[in-house]
K.L.:
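One structure, as structure tokens, below. Some questions next.
Order of the sequence lines fixes the chain letters, A, B, ..., with proteins taken first and strands second; residue numbering starts at 1 for each chain.
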There are 2 protein chains.
Amino acid sequence: MKWDDVGSQACSVARTMAVIGDRWTMLVLRNAFMGTRRFDHFQLQLSVTRHVLADRLKRLVDAGVFRKEAYQPNRYEYRLTEMGLGLYPVLLAITGWGDTWLDEGRGAPLIFQHKGCGQTMTPKMVCSECGESVTARDVIPMAGPGLQASRSAGSANPPAEKRASDAS
Amino acid sequence: MKWDDVGSQACSVARTMAVIGDRWTMLVLRNAFMGTRRFDHFQLQLSVTRHVLADRLKRLVDAGVFRKEAYQPNRYEYRLTEMGLGLYPVLLAITGWGDTWLDEGRGAPLIFQHKGCGQTMTPKMVCSECGESVTARDVIPMAGPGLQASRSAGSANPPAEKRASDAS
DNA sequence: TTGACAGGTTCCAATATAGAACTTAGATTC
DNA sequence: GAATCTAAGTTCTATATTGGAACCTGTCAA
């Protein structure tokens, strides 16, 4: 199977990876969440080639993660949409895992202060219903409506965007 | 910058992506969390080429995410280590985003029952200290011990977290 | 002892990436 | 009002990675 067909599966992981599963994309998003908005700033900060960066930004705009907005004629900013901001838990989870398992004994490169309570926080994944921490051993995955629908429809479709208006 | 150098940055996102940031890797992990353990099963379920699958499994074993264990002479299973199990929040966050933004109006392909409370849950990222939901707007990233250590050690420079000054 | 099976390797063509140079249009400086 | 600068890309070439298929190599089962 080619990578471009992965997103057509009835699986939220596959569909999400089709959008952000590329090697550089999460690093672009990391910097976007840190406030970066312009092509050259991304390019300098990431040291990714301009070619690849242009491609990734375009894909993310097409997917609805970024909004491309002119701040002058012919000059653009890439700003996270609500859909893009929704990726923050993914970034936090990734950061949390890196902090736990890949810190080389030096502690976290970044720490996070929670505005709400003022404390230094670590991200924690909990059950929406009871608020308890969730690990792989605590959940039972079961077929949901999207799976049955796609089975009976029997086909794969292009993403129908609910387009987000702006953010931040 | 070449991709292979990404993991040497003092950034937990970069380090984590160096391990799992590849196109197929999260799909391998998805299936591993669903119970898949053997080479041919991964290959059939994912439709990834054997060559790429072999490479990804090897990398994940080297990184400590999988343990390779003989269940017969010359036949192996790939089982998640504790480090690997620690990636479950990442998978949940990815699933949650896909369910919210990419469901094509059909609802989630999979739903999750929480053993603890018996309810159908959605994953929720909260502050470890106060338990409140966390979004991008609720946290202030600050330099942590791992960043200072790597700066004084003079290793690969982390991207400057400069705030883009903006228009509008 | 013959064949199937699991777990890979090897081969080649197609695609993607890294690095650098080039383009373009409006803004700034002289 | 021409020359320069700047941001945001494109284009180019060499190298690396993928996709697809065939091949190899030990066990196991009949």
K.L.:
Tell me, please, whether A/Y71 has A/R37 positioned over its six-membered ring: NZ or CZ under 6.0 Å from the ring centre and within 45 degrees of its axis?
P.N.:
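A/R37 over A/Y71 ring: no.
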K.L.:
Under a 4.5 Å side-chain heavy-atom rule over Ile, Leu, Val, Met, Phe, Trp and Tyr, are A/F42 and A/Y76 clustered together?
P.N.:
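Shared cluster, no.
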K.L.:
For A/R50 and C/dT23, give me the distance from atom CZ to atom C1', rounded to whole Å.
P.N.:
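Atom-to-atom, A/R50 to C/dT23, this comes out as 12 Å.
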K.L.:
Whole Å only: how far is the CG atom of B/N74 from the P atom of C/dC5?
P.N.:
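Going from B/N74 (CG) to C/dC5 (P), I get 18 Å.
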K.L.:
Looking at every strand, decide which applies to B/K58 at a 4.0 Å heavy-atom threshold: base, sugar-phosphate, or nothing.
P.N.:
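Since no nucleic acid heavy atom lies under 4.0 Å of B/K58, the category is nothing.
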K.L.:
To the side chain of B/Y78, which of C/dG26, D/dT27, C/dG8 is closest?
P.N.:
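Looking only at heavy atoms from C-beta outward on B/Y78, the closest nucleotide is C/dG8.
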K.L.:
Any sub-3.5 Å donor-acceptor pair from B/E132's side-chain atoms to B/V126's backbone N or O?
P.N.:
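A pair under 3.5 Å: no.
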K.L.:
For the pair B/S128 (side chain) and A/P123 (backbone), establish whether a donor and an acceptor sit closer than 3.5 Å, ignoring hydrogens and angles.
P.N.:
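No.
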K.L.:
Rounded to the nearest angstrom, tell me the gap between atom CD in A/Q43 and atom P in D/dT10.
P.N.:
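Going from CD in A/Q43 over to P in D/dT10 covers 14 Å.
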K.L.:
Given side chains that start at C-beta, do those of B/L85 and A/T135 come closer than 4.5 Å, heavy atoms only?
P.N.:
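They are not in contact (no side-chain heavy atoms under 4.5 Å apart), so the answer is no.
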K.L.:
Assign a letter to each nucleotide of nucleotides 11-17 of chain C from its 5' end: B, base within under 4.0 Å of a protein heavy atom; S, sugar-phosphate only; -, no contact.
P.N.:
B-----S
K.L.:
Distance check needed: C/dA18 C1' versus A/L46 CG, whole Å only.
P.N.:
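For the pair A/L46 CG and C/dA18 C1', the rounded distance is 14 Å.
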K.L.:
So, does B/T95 use its side chain to make a donor-acceptor pair with the main chain of B/L91 at under 3.5 Å?
P.N.:
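It does hold such a pair.
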K.L.:
Just call it for B/Y71: base, sugar-phosphate, or nothing, with non-hydrogen atoms closer than 4.0 Å on any strand.
P.N.:
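Answer is sugar-phosphate: B/Y71 comes under 4.0 Å of backbone atoms only.
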K.L.:
B/F66 CZ to C/dG7 P: how many Å, rounded?
P.N.:
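Value for this atom pair: 13 Å.
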K.L.:
Judged by each residue's nearest nucleotide on DNA chain C, which is more toward the 5′ side, B/A54 or B/R75?
P.N.:
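The answer here is B/R75.
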K.L.:
Could you tell me how far apart A/L57 (CG) and D/dT10 (P) are, to the nearest whole angstrom?
P.N.:
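Checked: the CG to P distance equals 11 Å.
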K.L.:
Whole Å only: how far is the CG atom of A/D40 from the C1' atom of D/dG9?
P.N.:
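Interatomic distance, CG of A/D40 to C1' of D/dG9: 9 Å.
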K.L.:
Atom CZ of A/F39 and atom P of D/dT6: how far apart are they, to the nearest Å?
P.N.:
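A/F39 atom CZ is separated from D/dT6 atom P by 17 Å.
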K.L.:
Using ring-ring contact (aromatic ring centres under 6.0 Å, His included) as the criterion, list what pairs up with A/F39, not counting sequence neighbours.
P.N.:
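By the ring-ring contact (aromatic ring centres under 6.0 Å, His included) rule, A/F39 matches no residue at all.
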